[in-house]
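Beneath this line is the structure, given in structure tokens, with notes to follow.
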Amino acid sequence: MQMPEPNPSIIARKARIVERLQSVLPPSAVIHKEAETRAYECDALTAYRCPPLAAVLPTNTQEVSEVLRICHEEGAPVVPRGAGTSLAGGALPTADSVILGVARMNAVLETDYENRFIRVQTGKTNLSVTGSVEDEDFFYAPDPSSQLACAIAGNIAMNSGGAHCLKYGVTTNNLMGVTMVLMDGTVLEIGGAHLDAGGLDMLGLICGSEGQLGVVTEATLRILRKPEGARPVLMGYDSNEVAGQVVSDIIKAGVLPVAIEFMDRPCIEACEAFAKAGYPMCEALLIVEVEGSDDEIKEQLDLITDIARRHNPVELREANDADEAGRIWLGRKSAFGAMGQINDYMCLDGTIPVSELPYVLRRIGEMSKDFGLGVANVFHAGDGNMHPLILFDANKPGDLELCEAFGAEILKLCVEVGGCLTGEHGVGIEKRDLMWDQYDRPDMEAQMAMKDVFDPNWLLNPAKVFPLDASDTRRASALAAE
Ligand SMILES: Cc1cc2nc3c(=O)[nH]c(=O)nc-3n(C[C@H](O)[C@H](O)[C@H](O)COP(=O)(O)OP(=O)(O)OC[C@H]3O[C@@H](n4cnc5c(N)ncnc54)[C@H](O)[C@@H]3O)c2cc1C
């Protein structure tokens, strides 16, 4: 097959943009050779790929501002990128876009234990934030399973959560302030090292905005004293629905564990084969963890195990020491890797009211039969944040499309029962066209009006979040008005 001739005007435009970027950044920070830009062609939603025009790796807010000013003048779209672990295609480039990666911006700028905050550049990885303060017995609470790799930048953009967010909240509950650069290079300071800020709650708007409004370069994060102790208990049940009911009953009883995690049989089998954590082979496993002093832990565990026993568990195992606690968590923490070893899968993310867990799990089982594709369920059950993993064969023609259709039905079900299209992974491109199932036009218009204010030319992170039929019109009219 003959390759199409390269378009001279596109080549000239790329050369000009690259030259201008090289004028404000060192040579190693501007990646533009095709073979090298391929490193940025996708994030963790690997089914979609597109190498960008170029990728840049600035080291501070000033350089980010200069990059954005140049791209703004050139009309070049910019895709902000942290560590590229988004499961929603949030950091997927377009062919004409510049990836702005913050990976080299990983410094700690200030630590204040008295006032309980740390200020960091946003390329710092989630786990290394806790690593920076743990010698003083502090920690940073949001703990996505990807925390070894993912950056605070992506955590803020996706409002990420994790296993322990049932008690401590998600990123927005632990974020105090940010430095953010607008598409034209303007630098904004939003929030600060204090509890609330005057004026409109801009921080609430920025957290979860998926790179649509600006590039976040620095963040002030709340840090907490480590609890005296923590202890998990493992519970096994004969059915998903019963396990779902146990979760619902624990929440209803008013006790607040730090985490309630759920795994079904396909996931238990994969995790056991991978991590050898000693899990019983049953239909559903729950890991419930509580924190506090010895007395507090005992009081909470008594209540929780009492509820658990009423539902006839096939296994009820309290961890007696750190080693046993580690083994209980080992399988759960390796769940995604374990599933990936045996099957291609698509990881969904939706939220439902906890009381709907038994119904939704049953419906997912029924849909799995209808679509002829397996599902493994592993998720943060305490806050109703589900992660069904749909199993498919990437080499079988039509299987990916079938998987996507199945995924869309599950997410619609989440909305139908009063939940939400996303829990912590964001919308990205994955759920963009499902947004109409969650929002009416006036709601969508109000969100797009925010985009107009911060990024009037719609150059930041194109083709994400807003359904194409809505955002294309908006983008076209914004460009025509220039
Ligand atoms: C194995 C695995 C497990 C996971 N587990 C969890 C989990 O438990 N909880 C959870 O919430 N997520 C989880 N995720 C998803 C993912 O790790 C999170 O969404 C994470 O916050 C993304 O961070 P990142 O730095 O990799 O961001 P990226 O993937 O690089 O980008 C994510 C989004 O943030 C935007 N962005 C990046 N940098 C900036 C910036 N400086 N300014 C503005 N916008 C920016 C991007 O444009 C994109 O829209 C998991 C992913 C994997 C692969």
Side-chain angles (χ1 to χ4, degrees), residues 40 42-46 52 55 57-58 61 64 67-68 77-94 97-106 120-127 142-165 170-172 178-183 206-219 259 261 332-340 345-349 351 378-380 383 385-387 389 422-430 432 454-455 460-465:
Y40 298 90
C42 69
D43 52 26
L45 185 64
T46 53
L57 300 171
T61 301
V64 170
V67 165
L68 286 172
V78 171
V79 177
R81 182 178 171 108
T85 66
S86 169
L87 288 163
L92 178 75
T94 51
S97 64
V98 173
I99 285 272
L100 195 163
V102 293
R104 291 186 183 174
M105 298 174 54
N106 56 11
V120 298
Q121 287 186 307
T122 55
K124 193 160 178 61
T125 59
N126 174 293
L127 192 59
D143 59 342
S145 311
S146 53
Q147 66 182 158
L148 187 64
C150 68
I152 293 298
N155 292 180
I156 294 172
M158 295 315 212
N159 193 14
S160 296
H164 291 80
C165 288
V170 291
T171 302
T172 192
V178 294
T179 302
M180 185 175 86
V181 190
L182 297 180
M183 187 64 213
I206 301 310
C207 192
S209 62
E210 302 200 22
Q212 291 293 323
L213 307 182
V215 177
V216 180
T217 56
E218 295 173 14
E261 295 291 297
R332 167 61 184 94
K333 295 217 166 170
S334 42
F336 286 7
M339 288 307 301
Y345 69 80
M346 180 176 279
C347 174
L348 299 183
D349 164 54
T351 303
V378 49
F379 54 90
H380 315 307
D383 44 16
N385 181 199
M386 306 195 70
H387 293 312
L389 307 179
T422 173
E424 53 182 18
H425 296 175
V427 175
I429 50 157
E430 185 207 6
R432 178 192 64 198
F454 283 85
D455 177 24
L460 271 172
N461 211 4
K464 319 276 164 53
V465 181

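In this text the structure is predicted, and so the values were computed from the model without any measurement. In each ligand, atom 1 is the first atom listed, and ligand 1 is the first ligand listed.
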Could you list the atoms of ligand 1 found under 4.0 angstrom from a heavy atom of F336?
1 (C), 2 (C), 3 (C)
Nearest non-hydrogen contact to atom 49 (O) of ligand 1 from the set G428, A219, S145, G90 belongs to G90
Taking 4.0 angstrom as the limit and counting only heavy atoms of R81, give me the atoms of ligand 1 inside it, by number and element.
30 (O), 37 (C), 38 (N)
Can you tell if the side chain of V215 reaches within under 4.5 Å of the side chain of L460, non-hydrogen atoms only?
yes
Do V64 and M105 come close enough that some side-chain heavy atom pair is under 4.5 Å?
yes
Which protein non-hydrogen atom lies closest to atom 33 (C) of ligand 1, naming both residue and atom, and how far is it?
M158 CE, 3.7 Å
For atom 34 (O) of ligand 1, which protein heavy atom lies nearest, and how many Å away is it?
A157 CB, 3.0 Å
Starting from atom 28 (P) of ligand 1, find the nearest protein heavy-atom neighbour and note its residue, name and distance.
G84 N, 3.5 Å
Any side-chain heavy-atom pair of P80 and N461 under 4.5 Å
yes
Starting from atom 29 (O) of ligand 1, which protein heavy atom do you reach first, and at what distance in Å?
S86 N, 2.8 Å
For atom 47 (O) of ligand 1, tell me which residue out of C42, G211, P80, S160 has the closest non-hydrogen atom.
P80
Euclidean distance, I99 CD1 relative to L57 CG, rounded to 0.5 Å:
10.0 Å
State if A149 counts as touching ligand 1 under the rule of any non-hydrogen atom under 4.0 Å.
no
Tell me whether G82 has any N or O atom under 3.5 angstrom from an N or O of ligand 1.
yes
Taking atom 42 (N) of ligand 1 as the reference point, the nearest protein heavy atom with its distance
V216 N, 2.9 Å
Check whether any side-chain heavy atom of V78 sits under 4.5 Å from a side-chain heavy atom of M183, and report yes or no.
yes
Tell me whether ligand 1 is touched by H380 - counting only heavy atoms on the residue side and a distance under 4.0 Å.
yes
Qualifying residue for side chain to side chain contact (heavy atoms under 4.5 Å, CB included) with S160, from I152, V170, T171:
T171
Give, for atom OG of S145 and atom NZ of K333, the distance between the pair rounded to the nearest 0.5 Å.
7.5 Å
Ligand 1 N/O within reach of D43 N/O, cut-off under 3.5 Å
no
Could you state the interatomic distance from CG (L87) to CG (L348), rounded to the nearest 0.5 Å?
10.0 Å
Can you tell me if H380 and E424 form a side-chain donor-acceptor pair at under 3.5 Å?
yes
For G162, is at least one N or O under 3.5 Å away from an N or O on ligand 1?
no
If you count the atoms of ligand 1 from 1 in the order shown, which ones are under 4.0 Å from a heavy atom of A153?
38 (N), 39 (C), 40 (C), 41 (N)
So which heavy atom in the protein is nearest atom 24 (P) of ligand 1, and how far is it from that ligand atom?
A83 N, 3.5 Å
Do the side chains of T422 and E430 get nearer than 4.5 Å, heavy atoms only?
no
Would you indicate whether the side-chain heavy atoms of L45 and L92 approach each other to under 4.5 Å?
no
To which protein heavy atom is atom 22 (C) of ligand 1 closest, and what is the distance rounded to 0.1 Å?
T85 OG1, 3.3 Å
Which ligand 1 atoms are under 4.0 Å away from a heavy-atom of E210?
49 (O)
Between M180 and ligand 1, find which residue part has any heavy-atom pair under 4.0 Å and reply side chain, backbone, both or neither.
neither
Rounded to the nearest 0.5 angstrom, the OG1-CG distance for T351 and D383 is 7.0 Å
With heavy-atom distances below 4.0 Å as the criterion, list the atoms of ligand 1 near G154.
21 (O), 23 (O), 24 (P), 25 (O), 27 (O), 34 (O)
the protein heavy atom lying closest to atom 31 (O) of ligand 1 turns out to be A91 CB, 3.8 Å
Heavy-atom distance to atom 20 (C) of ligand 1: which of L45, N155, L87 wins?
N155
Distance filter under 4.0 Å to N461 heavy atoms, resulting ligand 1 atoms
47 (O), 49 (O)
Out of G89, S146, P144, P93, the nearest non-hydrogen contact to atom 14 (N) of ligand 1 is supplied by S146
Is it the case that ligand 1 has an N or O less than 3.5 angstrom from some N or O of E424?
yes
Enumerated ligand 1 atoms positioned under 4.0 Å from heavy atoms of G214:
42 (N), 43 (C)
Within the 4.5 Å heavy-atom criterion, are M158 and C150 side-chain neighbours or not?
no
Answer yes or no: is there a side-chain heavy-atom contact under 4.5 Å between V465 and R432?
no
Cut-off 3.5 Å, side chains only: do D143 and N126 have a donor facing an acceptor?
no
